[in-house]
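Counting from 1, the numbers follow the sequence of the chain as shown.
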Amino acid sequence: MNKKEVFKLAKGFRGRAKNCIRIARERVEKALQYSYRDRRNKKRDMRSLWIQRINAGTRQHGVNYGNFMHGLMKENIQLNRKVLSEISMHEPYSFKALVDVSRSAFPGNKAAVPPKKEGLAILV
């Protein structure tokens with residue numbers, strides 16, 4: 001990389017990393033390594049976020065994430081995790097229908113019994 005390109009990429013860096021060619025070249029090279037690495041990590045992080053959202057939505061209906069996904073697979077419902085997480089957040093009734101379909105397909109998905117509120121009944 002020539003000097004002009006390095007300084008263009010180093011724009012916004014702090015201290016001498018923006019105006020001394022040797023330091024700027026090192027900082028730009030390291031920044032490009034970080035951006036390459038983090039483009040892959042971003043995909044990983046988003047997938048784990050989608051799984052957490054789906055798991056939270058399914059547990060409200062008494063099913064865990066693994067059994068829910070297994071039931072969808074058995075029913076041949078091919079929605080990816082990104083779409084499922086969006087449905088669980090923004091369309092709870094549609095998501096409940098998916099949970100019911102998954103529950104009927106896989107016998108491990110038993111109907112959940114809502115927790116008892118014993119402490120609240122004593123106070124009232």
Side-chain angles (χ1 to χ4, degrees):
M1 251 191 287
N2 67 18
K3 192 178 353 181
K4 196 175 193 180
E5 290 174 344
V6 170
F7 282 139
K8 187 176 180 183
L9 289 171
K11 190 169 184 159
F13 287 5
R14 295 177 63 117
R16 291 194 308 164
K18 68 176 172 284
N19 53 17
C20 290
I21 187 63
R22 183 176 294 164
I23 299 170
R25 187 173 285 128
E26 291 171 0
R27 293 286 78 215
V28 164
E29 188 175 324
K30 193 65 174 177
L32 292 173
Q33 289 172 359
Y34 285 142
S35 66
Y36 178 84
R37 179 196 68 192
D38 290 337
R39 281 195 298 273
R40 276 113 192 109
N41 288 349
K42 183 179 178 184
K43 295 168 183 58
R44 199 177 308 161
D45 294 341
M46 291 307 294
R47 181 182 167 99
S48 69
L49 176 67
W50 296 331
I51 290 172
Q52 289 170 10
R53 288 177 177 170
I54 295 167
N55 193 18
T58 56
R59 285 184 186 270
Q60 288 178 347
H61 302 294
V63 179
N64 67 11
Y65 170 78
N67 290 342
F68 172 71
M69 293 303 284
H70 184 65
L72 290 183
M73 185 190 71
K74 281 193 160 245
E75 282 292 318
N76 198 23
I77 296 174
Q78 297 178 347
L79 292 173
N80 62 19
R81 286 162 181 82
K82 180 180 179 180
V83 171
L84 286 171
S85 75
E86 290 294 316
I87 291 172
S88 73
M89 286 191 323
H90 300 298
E91 297 185 27
Y93 295 116
S94 302
F95 191 72
K96 172 138 178 40
L98 285 171
V99 171
D100 292 340
V101 168
S102 171
R103 184 179 285 142
S104 66
F106 182 57
N109 294 337
K110 299 178 187 107
V113 178
K116 296 178 183 175
K117 297 182 181 178
E118 296 171 9
L120 187 61
I122 295 170
L123 296 174
V124 176

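Heavy-atom contacts from other residues, nucleotides or ligands closer than 6.0 Å to CD of Glu29 number 12 or fewer. With a 6.0 Å radius and a threshold of 12 heavy atoms from other residues, nucleotides or ligands, Arg14 has its CZ atom at or below the threshold. Around CZ of Arg40, the count of heavy atoms belonging to other residues, nucleotides or ligands within 6.0 Å exceeds 12.
Grouping the Ile, Leu, Val, Met, Phe, Trp and Tyr side chains by contacts below 4.5 angstrom, directly or via other members, places Val83 with Ile54. A chain of hydrophobic side-chain contacts below 4.5 Å, direct or via other Ile, Leu, Val, Met, Phe, Trp or Tyr residues, connects Ile77 to Met69. In the hydrophobic cluster analysis, where Ile, Leu, Val, Met, Phe, Trp and Tyr join through side-chain heavy atoms closer than 4.5 angstrom, Val101 is grouped together with Val63. Taking hydrophobic clusters as Ile, Leu, Val, Met, Phe, Trp and Tyr residues chained together by side-chain heavy-atom distances below 4.5 Å, Leu72 shares a cluster with Ile51.
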**OP:** Begin with the C-alpha distance, continue with both residues' side-chain angles, and end with the deciding distance and a verdict on side chain to side chain contact (heavy atoms under 4.5 Å, CB included) for Val28 and Phe13.
**Re:** CA-CA 9 Å; Val28 164; Phe13 287 5; 3.9 Å; yes
Original post:
After noting the C-alpha distance and the side-chain angles of Val99 and Arg103, does the key distance pass the side chain to side chain contact (heavy atoms under 4.5 Å, CB included) rule?
Top reply: CA-CA 6 Å; Val99 171; Arg103 184 179 285 142; 4.1 Å; yes
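Side-chain contact between His61 and Lys96 is present, with at least one heavy-atom pair separated by less than 4.5 Å. For the pair Asn19/Arg16, a side-chain contact is recorded, criterion being any heavy-atom separation below 4.5 Å from C-beta on. Between Lys43 and Arg47 the shortest side-chain heavy-atom distance does not fall below 4.5 Å. Looking at Val6 and Ile21, their side chains come closer than 4.5 Å, going by heavy atoms from C-beta outward. In this structure, Arg53 and Arg81 have side chains that are not in contact, with every pair of non-hydrogen atoms separated by 4.5 Å or more.
Considering CE of Met89 and CZ of Phe95, their distance stands at 11.0 Å, rounded to 0.5 Å. The distance from atom CG of Asp45 to atom CH2 of Trp50, rounded to the nearest 0.5 Å, is 11.0 Å. For the atom pair OG1 of Thr58 and OH of Tyr65, the computed distance is 9.0 Å after rounding to the nearest 0.5 Å. Atom CG of Asn80 and atom OG of Ser85 lie 8.5 Å apart (nearest 0.5 Å).
In this structure, Arg39 is not positioned above the aromatic face of Tyr36 in the sense of NZ or CZ being under 6.0 Å from the six-membered ring centre and within 45° of the axis.
In terms of modelled atom types and a separation under 3.5 Å, the side chain of Ser102 and the main chain of Phe68 share a donor-acceptor contact. Remark: side-chain polar atoms of Asp38 are not paired, donor with acceptor, to backbone N or O of Asn41 under 3.5 angstrom.
Here the closest non-hydrogen pair linking Ala105 and Gly71 is CB-O, 3.6 Å.
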